[in-house]
2 protein chains.
Amino acid sequence: MTFVLVVDDDPAMRRTLSINLRARDYEVETAGDGRSALQVVEERMPDVVLLDLGLPDLDGIAVLTQLRSFTQVPVIVVSARSESDDKVEALDLGADDFITKPFSIEELLARVRATSRRVGREEPDLVVEVDGLRLDVTDSRATRDGAEIHLTPIEWKLVEVLARHRGRLVRQAELLTAVWGPAYDTQTNYLRVHLASIRRKLEADPSRPVLFVTEPGMGYRFTAG
Amino acid sequence: MTFVLVVDDDPAMRRTLSINLRARDYEVETAGDGRSALQVVEERMPDVVLLDLGLPDLDGIAVLTQLRSFTQVPVIVVSARSESDDKVEALDLGADDFITKPFSIEELLARVRATSRRVGREEPDLVVEVDGLRLDVTDSRATRDGAEIHLTPIEWKLVEVLARHRGRLVRQAELLTAVWGPAYDTQTNYLRVHLASIRRKLEADPSRPVLFVTEPGMGYRFTAG
DNA sequence: CGGCGTCTTGACGCGATCTTGGCGCCGGTT
DNA sequence: AACCGGCGCCAAGATCGCGTCAAGACGCCG
């Protein structure tokens with residue numbers, strides 16, 4: 001049975017959703033504010049979270065951020081405003097789906113099913129293996145022929161972004177934003193320095209990079225698979 | 001690791017399920033008839049039983065009845081017929097969930113997860129043994145060469161979270177949330193202090209940690225196996 | 001009330017990590 | 001041939017994060 005947490009400040013809405021979900025054989029828990037929502041997630045770890053953006057205490061966005069800091073639980077964001085800003089922001093923060101009020105129960109149920117099914121697929125861990133090198137991005141673990149290789153936080157972040165786009169070119173702006181935020185300094189050589197240390201640790205021959213390739217003037221590309 | 005017993009008379013189906021479950025890090029045993037299924041359950045007590053209703057010797061329903069006479073092991077009934085009679089009967093007899101063929105692997109996996117979670121953490125024996133050190137997380141008992149080691153509640157909670165993710169990096173936010181809830185204070189050194197006392201008690205050489213490794217700027221990792 | 005174990009909080013030193021600037025190489029352009 | 005932008009590389013200094021210690025607060029129980 002799927003366990004759903006409904007987060008909404010409107011008691012009537014909580015009630016409606018509970019009844020409908022329970023009638024479909026979902027186990028339901030509700031929360032009226034962000035604080036208790038976080039608590040429920042932490043204690044009981046639902047299969048899906050339905051999160052309304054308009055909450056009294058914490059902003060829904062803040063709740064989502066905090067959730068993502070400690071769990072991968074699937075979240076469907078519910079919003080009264082159909083502003084696409086909200087949508088983009090929510091999805092960027094790791095929401096799995098987005099639905100705007102008013103919505104039909106059927107649509108909601110369909111999205112709950114879709115999301116729990118999708119997550120049921122257990123995103124296979126992001127692992128790369130080349131030669132003796134093994135990069136387990138989800139575990140933040142790197143080994144060469146079994147020996148541990150230590151990467152620093154910045155190095156991991158860069159490797160992670162590059163690995164997610166494996167094969168594709170990743171622009172410098174995207175890499176810089178991923179680590180230093182949108183207000184990164186344009187006039188630095190962060191990337192050159194950190195990519196150098198990444199190569200020193202991961203490339204077979206750091207002076208002749210194969211995995212982390214430079215695309216002059218554009219960005220970098222991670223080649224594997 | 002969760003241990004699943006697959007009971008089905010069709011070898012191809014056993015094989016398919018085994019492969020898919022093993023790929024997800026489940027330990028799998030199979031049985032082709034009711035008799036051997038009962039035997040496996042008695043001898044090795046799986047965490048979840050996948051029970052097909054169409055068996056050669058004993059009727060699946062009969063197997064379920066006998067199972068329930070001596071154990072509470074979670075059972076997911078698999079049936080080719082979607083007759084709700086079957087469903088009602090199976091659930092009445094103590095099945096924990098019901099799924100009809102044909103089904104997607106994803107759906108099955110989701111139900112296995114849900115069932116094993118619902119029935120309780122049942123994390124089969126979260127016990128770690130290294131050198132003379134023995135950590136029984138489920139029982140909250142720790143011994144070194146037979147001698148009791150006392151851990152405080154907070155220490156246990158941290159050890160538990162780390163042990164559950166053995167080998168993986170556990171981020172600071174996750175550890176903090178596990179102990180102090182989602183509204184933890186960001187600006188403290190809780191983790192440093194408590195990890196220090198954990199190491200003082202559990203590490204062979206606390207000044208040179210092997211079990212509880214720090215990943216600067218990210219979190220901690222419990223290494224065993 | 002007093003003792004005990006546990007948790008919190010602040011301060012300090014040290015090593016790892018990051019930043020910053022400079023230098024040389026290379027390919028493309030003038 | 002000289003110039004230039006972009007990059008790899010290096011090394012020094014600044015900063016950050018961690019381990020450690022110790023003092024005090026807190027709750028529990030006798």
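Numbers restart at 1 for each chain; the letters A, B, ... are given by sequence-line order, proteins then strands.
- At least one donor-acceptor pair closer than 3.5 Å links the side chain of R221(A) to the backbone N or O of G167(A).
- Straight-line distance from the CG atom of D205(B) to the C1' atom of dG19(D): 13 Å, rounded to whole Å.
- Both R200(A) and P206(B) sit near DNA chain D, but only R200(A) has its closest nucleotide nearer the 5' end.
- Rounded to whole angstrom, the span from the CE atom of M218(B) across to the P atom of dG17(D) amounts to 13 Å.
- Ring geometry, F222(A) versus F212(A): the interplanar angle falls from 30° to 60°, so the pair is classed tilted.
- The CG atom of L191(A) sits 11 Å away from the P atom of dT19(C) (whole-angstrom rounding).
- Put simply, H150(B) has no side-chain N or O that comes within less than 4.0 Å of OP1 or OP2 on dG5(C).
- Residue Y190(A) contributes atom OH, which lies 18 Å from atom P of dG6(D) at whole-angstrom precision.
- Side chain of R22(A) to backbone of L17(A): no donor-acceptor contact under 3.5 angstrom is found.
- Side-chain proximity of A196(B) to the nucleotides dC9(D), dT20(D), dT17(C) is greatest for dT20(D).
- As rounded to whole Å, 17 Å separates atom P of dC18(D) from atom CZ of F212(B).
- For dG17(D), the OP1/OP2 oxygens have no side-chain nitrogen or oxygen of T214(B) closer than 4.0 Å.
- Side-chain nitrogen and oxygen atoms of Q172(A) include none within less than 4.0 Å of the OP1 or OP2 phosphate oxygen of dG6(D).
- For W180(A) and dC18(C), the shortest distance from a side-chain N or O to OP1 or OP2 is not below 4.0 Å.
- To the nearest angstrom, P of dT20(C) lies 16 Å from OH of Y184(A).
- Shown here is D205(B), whose CG atom has more than 12 heavy atoms of other residues, nucleotides or ligands within 6.0 Å.
- Between dT9(C) and T188(B), no contact under 4.0 Å exists linking OP1 or OP2 to a side-chain N or O.
- Side-chain atoms of E203(B) come within 3.5 Å of backbone N or O of L211(B) as a donor-acceptor pair.
- Both R192(A) and I154(A) lie near DNA chain C, and the one whose nearest nucleotide falls closer to the 5' end is I154(A).
- Between E155(A) atom CD and dC18(C) atom P there is a gap of 6 Å when expressed in whole angstrom units.
- Distance H194(A) NE2 to dT19(C) C1': 7 Å, rounded to the nearest Å.
- The 5' end of DNA chain C is approached more closely, in terms of each residue's nearest nucleotide, by L151(B) than by the other of V193(B) and L151(B).
- Applying the 4.0 Å criterion to OP1 and OP2 of dG8(D), one finds that Y220(A) has a side-chain N or O inside that range.
- Contact of N189(A) with dG6(D) (side chain to base): no donor-acceptor pair of N or O atoms is detected under 3.5 Å.
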